[in-house]
There are 2 protein chains.
Amino acid sequence: MPAAGPTRGASARSKRADAVRNQQTLLDAAAEVFVTSGIDAPIRQIAARAGVGLGTLYRHFPTRADLVTAVYHHQIEACAEAGPKLLADAASPFDALRQWVGLFADFLVTKHGLADALQSDSDRFATLHAHFLDRLMPVCAQLLDAAVDAGEIAPGTRPYELMRGIGNLCIGHDSDPRYDPRRLIELLLRGLRLP
Amino acid sequence: MPAAGPTRGASARSKRADAVRNQQTLLDAAAEVFVTSGIDAPIRQIAARAGVGLGTLYRHFPTRADLVTAVYHHQIEACAEAGPKLLADAASPFDALRQWVGLFADFLVTKHGLADALQSDSDRFATLHAHFLDRLMPVCAQLLDAAVDAGEIAPGTRPYELMRGIGNLCIGHDSDPRYDPRRLIELLLRGLRLP
DNA sequence: ATCGTAAATGGAACAAGGATCCGCTTTCAG
DNA sequence: CTGAAAGCGGATCCTTGTTCCATTTACGAT
């Protein structure tokens, strides 16, 4: 992987230093604002927090999804990398699946409004949706396949559907203390299991 | 139940005829617009379709949730009344529960965006949410209790959580052909069942 | 060191939708 | 018939997203 550092000798005008700086500033500001005001915070608020103009924000992140994707990029990676690791370490493929689903759910649940955004009916978050799927669906598929091969669950459950279902169940977890997605996710997994 | 008719002899100025007429016109217009443009259609569009001013719409239905609730009121009633009926007719309580959940899911799925609205993170739809719960949760509770008493499912699953889960699973069903909430709901019910 | 220019910037300006307010109109009890 | 309360409509304001462009800045070339 090419270092993301200065890379001074690049061809043409590589990238202006102020642009790099601003991009990072925006990322930091967005992360803070997402925590306090949720993922749907006004664009202006983020730009203001970063101390840059609206145009600058739009230049670096044309859509809100791009910004969200960038902010949570490393956490998505971590979740993706945990899949094979769990498969190798867990007592059984099904156990690995359960643990991974737990990680995935935790990720969605701890980021205020992330789950909501992911399933947003419009395509305002199409990029985010796509990135999640590209990176995570293969991991989920691998876990499912392993569990099927081990005879622990019935074949026929598609990774997309499962991930989407988990994501949906995580929506609005914080709006009512009576609702805990984890219990329902556990039920879903029980339903998956072969008798 | 007191008749909703003219009720001419009521005390004081009962209710002006034009107001009643407009309310009905708005309801009809909203129903049409919801079908074509979804539940999030601009308020202006509904007022225009009804041929009334914005002020009139806001007077009759202060929030969007009020309008939605009114439009779907009779369908909510039908769903509520189906509960006891199914319990009496079905082969077993669990079967009744399964059928009722099917009805509930169908309702949410056929109304473009209803499920989304119900779980909307903000409280823009608080009224709608409350009405759904008031009317339907007791029904769900009755079905769950019956299934528990019959020894078909384990106790401990709360009606609120189940309904909310079903609702969440129905979100965005039409945004991707690969996603069919019914399969996941079936999985959830399987997970509920005692071994 | 300075210079020319493409990249980057900031924020004014426009669009869309929700909510409010108030002068005018309609209804209807007396 | 009449007056006043209820109802009406849409102009207006607010918030938020999005675009656009005159100005500023960094930096490779000279």
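Source: prediction; values computed, not measured.
With rounding to whole Å, B/N22 atom CG is found 12 Å from D/dA6 atom C1'. The NZ-C1' distance, from B/K15 to C/dA29, rounds to 18 Å in whole Å. Atom CD1 of A/I46 is separated from atom P of C/dG10 by 15 Å (rounded to the nearest Å). Here D/dG7 presents its C1' atom at 14 Å from CZ of B/F61, a figure rounded to the nearest Å. For B/Q24 and D/dG7, the CD to C1' distance is 17 Å, given to the nearest whole Å. In this structure, the CD atom of B/Q23 is 17 Å from the C1' atom of C/dT27, given to the nearest Å. For the pair A/L26 CG and C/dA8 C1', the interatomic distance rounds to 12 Å; values are reported in whole Å.
Under the salt bridge (Lys or Arg N to Asp or Glu O under 4.0 Å) criterion, A/D18 pairs with A/R16, not counting sequence neighbours.
Side-chain atoms of A/R16 stay outside donor-acceptor range of the base of C/dA8, with no qualifying N/O pair under 3.5 Å.
Annotation: of the two residues near DNA chain D, B/V20 and A/D18, the 5′-most nearest-nucleotide partner is B/V20. When the nearest nucleotides of DNA chain C are assigned to A/A19 and B/P42 by heavy-atom distance, the more 5′-ward of the two goes with A/A19.
Not one side-chain nitrogen or oxygen of A/H60 sits closer than 4.0 Å to the OP1 or OP2 atom of C/dA8. In this structure, A/T56 does not reach the C/dA8 phosphate: none of its side-chain N or O atoms is under 4.0 Å from OP1 or OP2.
Within 6.0 Å of CZ in A/R183 there are more than 12 heavy atoms belonging to other residues, nucleotides or ligands.
An angle of 10°, rounded to 10°, separates the two end axes of the helix from C/dA1-D/dT30 to C/dG30-D/dC1, each defined over five pairs.
Cluster annotation: B/F107 is not connected to B/I171 through the hydrophobic network of ILVMFWY side chains, with a link wherever side-chain heavy atoms come within less than 4.5 Å.
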Do any N or O atoms of the protein come closer than 3.5 Å to N or O atoms of nucleotides 18-21 of chain D, and which pairs are they?
| unit_1 | atom_1 | unit_2 | atom_2 | d |
| --- | --- | --- | --- | --- |
| D/dT18 | OP2 | A/Y58 | OH | 3.2 |

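When B/H129, B/R164, B/Q119 are each tested for a side chain to side chain donor-acceptor pair (under 3.5 Å) with A/S175, only one passes: B/R164.
A/F132 places none of its side-chain heavy atoms less than 4.5 Å from the side chain of A/F125.
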